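Computed from a predicted model, the values in this text were never measured in an experiment. Just the heavy atoms: all of them, side chains too, but no hydrogens, waters or symmetry mates, feed the values below.
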Amino acid sequence: MLHLPKPLLTANIYCDHCLDQVVHQVLAPFWREASGIIGEAEGYLWFIRYGRCGEHVKIRLHAPEHLGPRLQDWLEADTDEFFRNLAAAVPPSEERVVNLTLPPMDAEDAAQEGYPDRTLLWTHYEPSPIILGSERLLPDQRLASLFTRCFAAATELSLQSFQPDESGRFTSQLRQGIIIRLALTLLATFPWTLEEVQAYLAYHRDWLVRYMLSRGAQPSHVTLEGTVARFDEHFQKSPGALSRMQSIMQDWNPNAAEDDECALLRQRARELYSYIVRFRTDPGPQLDPYAPDQVYLPIFKCLHGVGNQIGLPMSQEAQVFHLLASAASRAIDARATDVAALAL
């Protein structure tokens, strides 16, 4: 197995207000074609959406060096064709999103103005704590390899699932369904009890809410506890989703399925987990002081990265993970009630 922590090719595709289409019409077909000549043992693809210097997707393609020119030509051709078709269907946006307050991730991100819209820009890769979650982790090449391989396996599944409905829209239901499926798949790979799964789900929700509060995304009087209470009120009004998730959680069986399309994600998640358990005994400062378990941060960055890829707003992601955490709590309580009944 090759370990390729540094991508062979990196690029930004700028396309304001059309990133869903970039993901579906450029990245998905490009990767289907590219993976046929790379092979899963030798390369992989991951990406994120980002807003600095214009709305764009950052592409990270890991592959053997001799394939670089061919893959570069393919991506340029696919992107050019997409932009030609888009120009005929959707006029360029007059209101661009150029957020220069975001930290640079590539060398090219240091620019103090936006790049032209509907363009492909080849970039110079720089490791970023935005991906791994901490500056302390950047020198760890083994972690970078394991993390990006796991993230890439999740990326492949998200690309396969990210399909518009009959009207051509990418709905909230689609985005939420993808993150729920991948979260449950990933967490079922770890040797965790349902109680441990519930603790992680609550951590994921709380991380997002704390971040939104710290960035002024909510009024100053809003608290973490108040936000969680509002989530509860929402699910009380529409209890169907919570009941369905509770049924899934009550049958929680880690590693129950192996030979399906998620097998590669499970394999790479196990490899990542077997490495990051060392964070529990790391004598240095905690990676995240809010985390009950120091393995949480890389797992969070992987799942939150998927949410970013599919354009799931952070507020909705927090609500989804509250749904899962609440369902797990109810399932735990139901199991305890069943055990108590059997003891009578």
Any idea which heavy atoms bring [X] and [Y] closest together, and the distance?
X	Y	result
Thr155	Ser158	O-OG, 2.8 Å
Ala183	Leu303	CA-CD2, 3.7 Å
Thr189	Ala269	CG2-CB, 3.9 Å
Asp16	Gly54	OD1-C, 4.1 Å
Arg280	Val295	NE-CG1, 3.7 Å
Arg181	Ser161	NH1-OG, 3.4 Å

Reported [atom1]-to-[atom2] distance for the pair [X] and [Y], which is rounded to 0.5 angstrom:
X	Y	atom1	atom2	value
Gln236	Phe231	CD	CZ	13.5 Å
Gln173	Ile178	CD	CD1	12.0 Å
Thr148	Arg60	OG1	CZ	11.0 Å
Leu201	Ser326	CG	OG	9.5 Å
Met314	Arg215	CE	CZ	9.0 Å

salt_bridge([X], [Y]) N-O dist < 4.0 Å:
X	Y	result
Arg118	Asp80	no
Arg49	Asp20	yes
Lys301	Asp288	no

After noting the C-alpha distance and the side-chain angles of Asp117 and Arg96, does the key distance pass the side chain to side chain contact (heavy atoms under 4.5 Å, CB included) rule? CA-CA 8 Å; Asp117 194 26; Arg96 295 199 62 202; 3.6 Å; yes
Is [Y] reachable from [X] through a run of hydrophobic residues whose side-chain heavy atoms are each under 4.5 Å from the next?
X	Y	result
Leu100	Ile130	no
Val98	Leu120	no
Leu75	Tyr115	no
Leu61	Leu121	no

Checking [X] side chain against [Y] main chain: does a donor-acceptor pair fall under 3.5 Å?
X	Y	result
Gln309	Phe47	yes
Ser145	Gln141	no
Asp282	Gly284	yes
Arg266	Leu186	no
Asp140	Leu143	yes
Glu55	His17	yes
Arg52	Ala111	yes
Glu65	Leu8	no
Glu156	Ala153	no
Gln176	Leu174	no

Residues Arg136, Ser134; criterion side-chain hydrogen bond (donor to acceptor under 3.5 Å, both in side chains); working and verdict: CA-CA 5 Å; Arg136 283 178 50 207; Ser134 172; 5.2 Å; no
May I ask you to check if Arg278 and Tyr275 form a cation-pi contact, with NZ or CZ under 6.0 angstrom from the six-membered ring centre and within 45° of the axis?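 That pair qualifies as a cation-pi contact.
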Face-on cation placement of Arg210 at Tyr290 ring, 6.0 Å and 45° thresholds: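 Yes - Arg210 lies over the ring of Tyr290, closer than 6.0 Å to its centre and within 45° of its axis.
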How are the rings of [X] and [Y] set to each other: parallel, tilted or perpendicular (split at 30° and 60°)?
X	Y	result
Tyr203	Tyr296	tilted
His304	Phe300	parallel
Tyr211	Trp207	parallel
Tyr14	His56	tilted

Validation row, ring centre Phe162 to ring centre His24 under 6.0 Å: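 Between Phe162 and His24, the centre distance exceeds or equals 6.0 Å.
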Show your reasoning for whether side chain to side chain contact (heavy atoms under 4.5 Å, CB included) applies to Phe321 and Asp206. CA-CA 9 Å; Phe321 277 85; Asp206 292 351; over 6 Å; no
Any chance the side chains of [X] and [Y] put a donor and an acceptor closer than 3.5 Å?
X	Y	answer
Ser329	Gln198	yes
Tyr273	Trp192	yes
Arg169	Ser167	yes

Test Thr119 against Asn12 for side chain to side chain contact (heavy atoms under 4.5 Å, CB included), laying out the working first. CA-CA 8 Å; Thr119 56; Asn12 296 344; over 6 Å; no
Is there a side chain to side chain contact (heavy atoms under 4.5 Å, CB included) between Asp232 and His322? Walk through the geometry before answering. CA-CA 8 Å; Asp232 282 330; His322 179 66; 2.7 Å; yes
Counting only heavy atoms not in Arg330, do more than 12 sit closer than 6.0 Å to its CZ atom?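 Not buried by this count: 12 neighbours or fewer within 6.0 Å.
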What do the steps show when you test Trp122 against Glu76 for side-chain hydrogen bond (donor to acceptor under 3.5 Å, both in side chains), and what is the final call? CA-CA 10 Å; Trp122 294 105; Glu76 288 178 348; 2.8 Å; yes
